[in-house]
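Every chain is numbered from 1, with letters handed out A, B, ... down the list of sequences.
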Amino acid sequence: MDPAQLIPSPDTIPAPWGFFELLLILTFFCHLVFMNAMLGSAIIALVREMRTPPDAPPPCLDIASKLPYTIAFAVNFGVAPLLFLQVLYGHFIYTSSILMGVYWLSIVGLLILAYYSAYLYKMAGDLPGATRRRTLTTSLVLLLTIAFFFVNNITLMQSPQIWGVYFHRPDGTFLNLADPTLLPRYLHFVVASVAVGGLFLALLAFFQQKKSVPGAPKHLSIGMKWFTYATVVEIGTGIPFLFSLPKNVHQLFIGGAILHTSLFIAALIAAFCSLYYGTKERVWPTTVAMATTILFMVLVRDLARQAYLARYFHPSDLQVVPQWSPMFLFVTILVIGVAVVIYMLRLAARVPEEVH
Amino acid sequence: MNYPVWQLDFSGGGLLIALIAVLHVYISHFAIGGGLFLVLTEMKGYREGSQPILDYTKKHTRFFLLLTLVLGAITGVGIWFTIALIAPAATSILIHNFVFAWAIEWVFFLAEIVAILIYYQTFGRMERRSHLTIGWLYFIFAWLSLFAINGIIGFMLTPGEWLRTHNFWDGFFNPTFWPALFFRTFLCLMLAGLYGFLTSTTIKEEAFRLRMVRYCATWLLAPFLLFLASAWWYVQALPAPQRAWIANFSPELAPFLTVFLWISPLLFLGGLIMVIRLPQTATRSLAVVLLLLGITYMGAFEYIREGSRRPFTLYGHIYANSILAKDLDTVQTQGILASAKWVNKEITEENRLVVGRQLFNIMCSSCHSIGGPIRDIRKLSRKYESVYVMESEISGQGKLIIGCMPPFPGTKAERNALATFLIEGLQGKKPPAPPAKLSAPPLLPLPFDPEQSGYVLLAWNNLGMHSISDADGSFSLMPPANDLFAQLIKRGPTPVVVTEGVDILFRVEPGFEKPARQVDFWKQVPALFGRILPENVGLSGQGLSGPMQLKGNGKAFVAKNVPVVPYPTRPPTPFSPLPAWWPRLQPRWAAKPAMAAPGAKGKQESQTPQRKTF
């Protein structure tokens, strides 16, 4: 069956596609930062919990206290890109979600359990190590499972050529396991999380250091080490991921197209910069370089998706029926909302640290 | 049509969305009212200089945070996941038309999260005024989330002018926007009280517990009348078709309306009982009971609201089966398979059941489960005996069964495939044996001698057995009534029609004499015709046997309106539309009518059984 015949017809969009593309990229960038900090710090915490002797004090109170909050923001900043993705690619993502409906919907339940497990871990500071490990492992395994389902859906949405499987599996139990990019992509995201998680710890330690919290310099150093080693591994996982992409896609990034290749090179340069500053344990330059890397990688990723779907669709094909006044209202509320959030964070920052 | 359908069977028909939505709305309304509860209770604590109140507020904040931020927020995302999975076309319309409303709601959601986390994390440590500011900001953003989402939800039920203009603001500020906003706002306040019971009843110190439980009761009881008034306003603001669903207690909504009407006073009463000084175990149990009543209440309301949208997902714009109202004619012209993606394009003998299943998925599964708790199609289609009967029902949808279901827009072949899937695929009913061919029982050879007989008696019927409903209790077509004619001819070089000096009598074939035993027409005569009729006698007073009258033109005899029905009381067959008639000749000079001994006097020349025919 011709896959083009299966692709649903899209609806009109209320503003030029570039506006939603910009929002998609920005909010997805924020989502990745929080998601990576959440997943990475949970992985690091589990490793540290495993290494800690049973009678030693909890090694990760700082991570434990932040984990539920990073989940909250990872979810919130996940909602926005998913919204804008639906605006531009709804007819692809709805279809792929339905093909794997059972797993896709299970994310809701898994996330609730992961979230509550994270709160349990937060509250388990005084409990034995085994209990802490159990709650954290539960949360982490669930989060990793959710990530796996997400990777499945994102690869499936850009592969209409295999959608015909619906005619044999209409019950929503299909996973895109045969996709050669699936595992490299998954690994690439998880390892990136460890790197960002390490950097997140280093940043927390940096602020603690400013408040002269004992042990902060050591924590900073440990965080940066996690970041550096994970980034090296990350570059290692990136290479097979790149070459697992279809030839017509990956060639664009290695000389096939100027825009694609230059963005990819920029991302690599930023990654190497972050690695350089990481080895020097310079938190802020590393953070800036890492954020730049993530932003470029988000752009690269978006171009890769467009290349995947080029045969069938480009967001510029969408018909625009403008809604200017709601759009301006949104931008205004976004500005006000962000200002109020900053105001609240500033109020919170003035509050003295809680003594554990 | 446009999207594949997630084949859910047991959990189809909207079960998933019902479960997740009821849970979400119950918590999310609390997330709004509860926000105001927190900041006002904190203010009360400061005003009264009461540390216990502040401690209680902090404890309640933790409960609030764990419930609303995790279960409330994630089930909200869950609704979004679910509607995209089970109604992607309608979801796409909502997203693409209201993306800026969704995006604005996301900004509010972000500010809410930041506010409540700071509020909880800094409780007792932040300077009072700033902390209250954070609390107020939380409530304002939470309520603004309701404001944003209320526009979109209301649009689905009452799109109003949007149907004509497709203007964002027309859809957002739709006819039920304001009543729904007030209704939900009052509900939020009441839920703050209901959830407040849950934490306040756990306070150990009795006097303080009673004080706080009463405080929570005020939250439940004070907005109650305003809440009911806004509910009334909400119903009045509904356009006529949607209001009719509710006002007429349509059969499927009736139980939910009843639940809603009954729980209203129960909740109020529960709130009053909580004010009384009771043992802690009693108030704690009652708090849980009231919370459960509350979710039932909310579930009933949401079901009524959703139910009154039928047969649309977005009223007047897209049907529950994802066909746009404007496309209905096109689909009806070209058929479902030609219009839909994700289906086989042809129906063959081999794939009839498979395509029937696909048609079920597209046309029916958004509202009907297979074997599940929501509108189980297996149960609903059980009463249909055959594919033909099922097809008849399907073709009546949207016509006879107005309002409840969209019309079936498929071709005859598609209707047949769907009915075949339902009856043979789901019910496992075998195709019925081809109907037995009716044939007339053999006629007896009659004693007629063409050489010797001087007379011939001919008889006939002009109507045939038709237009009998045989279900006069339910509906009626025509009364049982057939006319029988007979003509006596004297043979000879110039045949002569004999009309004088003889009587002609008739009787129906044995087994057909008691039609009143077979059909309930005679019981229904008073209702249908306003008169009483003896059993087995027709409307003109004619029975199943007796003398025939000379017809107006004087050439034939007639028995008018003989109430014969095609159901003999004796075997071999229960249905026989071809009974035989026996007209009988009787000379005027005979002493008595001699039905039982025809020709006893030797004057009858012939006897002709006449079959009625269609």
Side-chain angles (χ1 to χ4, degrees), chain A residues 5-14 20 23 68-69 72-73 75-80 82-84 86-87 90-91 94-95 97-99 101 104-105 107-108 111-112 115-116 119 163 166 170-172 321 323 325-327 329-330 333-334 337-338 340-341 344-345 347-348 350-352 354, chain B residues 2-9 16 20 66 69-71 73-75 77-78 80-82 84-85 88-89 91-93 95-104 106-111 113-115 117-118 121-122 125-127 130 133-134 137 141 166-169 172 341-342 344 358 361:
Chain A
Q5 300 294 318
L6 293 178
I7 299 172
S9 323
D11 287 302
T12 58
I13 53 173
F20 294 111
L23 290 169
Y69 302 162
F73 288 108
V75 170
N76 177 270
F77 279 102
V79 166
L82 195 56
L83 173 65
F84 300 124
Q86 287 183 37
V87 173
H91 47 313
Y94 290 153
T95 306
S97 304
I98 289 165
L99 297 189
W104 188 241
L105 192 58
I107 287 175
V108 179
L111 185 54
I112 289 170
Y115 211 157
Y116 276 126
Y119 267 107
W163 287 358
Y166 171 78
D171 55 354
V321 180
Q323 295 177 350
S325 55
M327 181 177 151
L329 183 69
F330 161 63
I333 287 179
L334 181 64
V338 170
V340 173
V341 164
M344 290 191 289
L345 290 174
L347 281 185
R350 291 211 298 263
V351 176
E354 197 170 15
Chain B
N2 209 359
Y3 287 90
V5 176
W6 182 14
Q7 194 171 293
L8 281 165
D9 293 355
L16 294 176
I20 202 159
L66 285 174
L69 201 55
V70 183
L71 203 53
I74 307 298
T75 49
V77 177
W80 201 34
F81 270 51
T82 314
L85 284 170
T91 307
S92 180
I93 292 170
I95 293 290
H96 287 87
N97 283 282
F98 292 101
V99 56
F100 293 119
W102 292 107
I104 287 169
W106 166 71
V107 177
F108 295 151
F109 177 34
L110 172 65
I113 294 178
V114 173
L117 286 177
I118 293 176
Q121 203 66 37
T122 62
R125 293 190 295 126
M126 187 183 266
E127 183 258 325
S130 302
T133 306
I134 299 279
L137 281 172
F141 281 113
H166 281 226
N167 179 292
F168 177 94
W169 299 112
F172 190 84
K341 297 172 176 176
W342 302 93
N344 288 52
Q358 291 173 343
N361 288 347

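Looking only at side-chain heavy atoms (C-beta outward), A:V79 and B:W102 stay at 4.5 Å or farther from each other. Considering only heavy atoms from C-beta on, B:L85 stays 4.5 Å or farther from A:Y94 through its side chain. Using a 4.5 Å heavy-atom threshold, the side chains of A:Y115 and B:L71 count as separate.
Contact of B:N167 with chain A is not made at all, since no heavy-atom distance falls under 4.5 Å. Interface residue B:I93: backbone and side-chain heavy atoms are both found under 4.5 Å from chain A. Contacts of B:L137 with chain A are made by side-chain atoms alone, with heavy-atom separations under 4.5 Å and no backbone atom involved. Residue contact with chain B, scored on non-hydrogen atoms closer than 4.5 Å, involves the backbone of A:T12 exclusively. Heavy atoms closer than 4.5 Å to chain B are found in the side chain of A:V340, but not in its backbone. Heavy-atom distances place the side chain of B:F141, and not its backbone, under 4.5 Å from chain A. Contacts of B:L66 with chain A are made by both backbone and side-chain atoms, with heavy-atom separations under 4.5 Å. For B:T91, the parts lying near chain A are the backbone and the side chain together; criterion is any non-hydrogen pair under 4.5 Å. Residue A:Q86 touches chain B through both its backbone and its side chain, counting heavy-atom pairs closer than 4.5 Å. Looking at B:I118, the atoms closer than 4.5 Å to chain A (heavy atoms on both sides) all sit in the side chain, from C-beta outward. Heavy atoms closer than 4.5 Å to chain A are found in the side chain of B:Q358, but not in its backbone.
With rounding to the nearest 0.5 Å, the separation of CE in A:M344 from OG1 in B:T122 is 11.0 Å. Going from atom CZ of A:F73 over to atom CG of B:L110 covers 6.5 Å, rounded to the nearest 0.5 Å. To the nearest 0.5 Å, the span separating CZ on A:R350 from CE on B:M126 amounts to 8.0 Å. Here the CG-CD1 distance, from A:L329 to B:I104, works out to 4.0 Å after rounding to the nearest 0.5 Å. Summarising the geometry, atom NZ belonging to B:K341 is positioned 9.0 Å from atom OG1 belonging to A:T95; distances are rounded to the nearest 0.5 Å. Rounded to the nearest 0.5 Å, atoms CZ (B:F81) and CG (A:L111) are 8.5 Å apart.
Looking at A:Q323, its side chain does come within 3.5 Å of a backbone N or O of B:N97 through a donor-acceptor pair. A side-chain donor-acceptor contact under 3.5 Å links A:Y166 to the backbone of B:V5. Of the possible polar contacts, none joining the B:W6 side chain to the A:L99 backbone as a donor-acceptor pair under 3.5 Å is found. Formation of a donor-acceptor pair under 3.5 Å by the A:D11 side chain with backbone atoms of B:H96 is not found in this model.
Looking only at heavy-atom pairs under 4.5 Å with chain B, the residue among A:P68, A:G337, A:P326 that has the most is A:P326. Residue with the most contacts toward chain B among A:L82, A:L23, A:I13: A:L82 (heavy-atom pairs, distance under 4.5 Å). Counting heavy-atom pairs closer than 4.5 Å to chain B, the top residue among A:I98, A:I112, A:V108 is A:I98. Note: A:L6 leads A:L6, A:I107, A:L347 in heavy-atom pairs under 4.5 Å with chain B. Options A:G78, A:P10, A:A348 differ in how many heavy-atom pairs under 4.5 Å they form with chain B, and the most are formed by A:A348. The candidate with the highest count of non-hydrogen atom pairs below 4.5 Å against chain A, out of B:V114, B:L16, B:D9, is B:V114. Contact tally against chain A (heavy-atom pairs below 4.5 Å) for B:V107, B:I134, B:N2: the top residue is B:N2. The candidate with the highest count of non-hydrogen atom pairs below 4.5 Å against chain A, out of B:W80, B:F98, B:F172, is B:W80. Counting heavy-atom pairs closer than 4.5 Å to chain A, the top residue among B:T133, B:L8, B:L69, B:V77 is B:L69. Contacts with chain A were tallied for B:V70, B:I20, B:T75; B:V70 has the most, counting heavy-atom pairs under 4.5 Å.
Between A:F84 and B:A103 the shortest heavy-atom distance is CZ-CB, 4.1 Å.
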* Dump the intermediate steps for ring-ring contact (aromatic ring centres under 6.0 Å, His included) on A:F77 and B:W106, then the final yes or no. => CA-CA 9 Å; A:F77 279 102; B:W106 166 71; 5.8 Å; yes
* Does the pair A:S325 and B:F168 meet the rule for a side chain to side chain contact (heavy atoms under 4.5 Å, CB included), with working shown? -> CA-CA 9 Å; A:S325 55; B:F168 177 94; over 6 Å; no
* **Intermediate values then yes/no, side chain to side chain contact (heavy atoms under 4.5 Å, CB included), B:V99 and A:F330** => CA-CA 10 Å; B:V99 56; A:F330 161 63; over 6 Å; no
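Between B:F100 and A:F20, a ring centre-to-centre spacing shorter than 6.0 Å is recorded.
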